[in-house]
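Ligands are counted one by one from 1 in listed order, and the atoms in each one are counted from 1 as well.
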Amino acid sequence: MSRFSGISRLAMGVGMTCLALSAAQANTMQTQSPSVEKESFGQLPDGRKVEAYHLRNGHGIDMKVTTYGGIITSLRTPDAEGEWADVVLGFDNLADYRSEAYRQSNPYFGALIGRYGNRIAEGRFTLDGTTHELATNDGANHLHGGERGFDKRLWTAAPFENDSEVGVELTYVSEDGEEGYPGRLETHVTYTLTADDEVIIDYHATTDKATPVNLTQHSYFNLEGEGSGSIVDHRLMLNADAFTPVDDTLIPTGELRDVADTPFDFREATPIGARIGADNTQLAYGQGYDHNFVLMRDATAEDELVLAARVEAPDSGRVLEIATSEPGVQFYSGNFLDGTLIGKQGKAYEKRSGFALETQHFPDSPNQAAFPSTILEPGETYQSRTVWRFSTQTPTP
Ligand code: BGC
């Protein structure tokens, strides 16, 4: 697989520089053996046990994943001074992911999303002459797999460990007709934490009937540390020269619009908040950024990893780079967080206290013939890979 060569080759094309480690960070980076440990994460009302897998790499980066929804509940990384913080929004217990308040606001913190990431217009699509009706759980539209998407299902888990990597493979079988989708879909998602401070997410799925599939991961990051306030000062680079504008229900119109001279141009790193309040119909529809960006990709390099995004936290110097085999990324600036959910540190998650970068095929593709197809046929294997790479640079407050 081409993950390192893919990222560095493409990163050079978008102006990424080499990052130096501070002395403090270098110190924290030698000591431990990679490990994976299983912990209890509670029980579902029907008695099924929920587990959490605690992954650590040799540099001490650690990440917890629960079998409920494949949710990444925590991810701790060092900053430029070697200070550690949890950089993803979420909770440290199952009850908070299943509370009524959580269900009402439905932010999908850290979860695996399936069968279909983002929206399908009016919960309806026609495939091979048959019209399928899905749940409409977002106004008139279908969002993130429906009433009980993959984020609310119990996955089975198989941990693994070798000299340089630790991880866990999660499996979920979605029966024919679940949430209105055709076909029995067998899905495997593997989280790997590497010695190079990467989290690799590999998705595989097979079906026995043609069906749309668009899997993604819905972590909300705050690289200054979860619960530390707004993300609007984070600087974002998106390797996209177009985005898919939406209607007022956030369904793409079908257009691929050039980002040039719009608040959607992140080809040069720009603070998320710099233009978020601009007088712009698209920003008004999303109450901020909630849009699919079309990644720049060499046509011959289809399915290879491209650098999709690079985010820098000015105060801590943390940097997150995201590479993917997907054609798009949904940049969501946490606009619908409203302070009603209280996070791991006891702090309210206010509007824009986290951002998500969901690598994906484009929203509503089953109804958009010109978008890359999301239909998986029997006999084919759905395969997708996304890599998050964590590093630091000199803080630039
Ligand atoms: C969607 C948002 C939605 C959020 C949480 C994002 O992927 O684009 O519109 O509010 O997920 O559900």
Checklist entry - Which protein residues have a heavy atom closer than 4.0 Å to any atom of ligand 1, listed by chain and number? => result Asn106, Pro107, Tyr108, Asn118, Arg119, Leu143, His144, His218, Tyr220, Leu250, Asp290, Gln330, Tyr332, Phe336, Glu358

Checklist outcome for this item: Correct closest heavy-atom pair for Asn57 and Leu193 would be N-CD2, 3.5 Å

Item to check | Residues which pass ring-ring contact (aromatic ring centres under 6.0 Å, His included) with Tyr382, listed by chain and number, not counting sequence neighbours | outcome: none

Checklist entry - Mind checking whether Phe243 and Phe264 have parallel, tilted or perpendicular rings, split at 30° and 60°? => result parallel

Checklist entry - According to the interplanar angle, ranging from 0 to 90°, do the rings of Tyr220 and Phe109 count as parallel (below 30°), tilted (30 to 60°) or perpendicular (above 60°)? => result perpendicular

Next on the checklist: Looking at Arg76 and Asp62, is any side-chain nitrogen of the basic one under 4.0 Å from a carboxylate oxygen of the acidic one?
Outcome noted: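 A salt bridge links Asp62 with Arg76.
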
Checklist entry - Between Tyr108 and Tyr332, is the gap from one ring center to the other below 6.0 Å? => result no

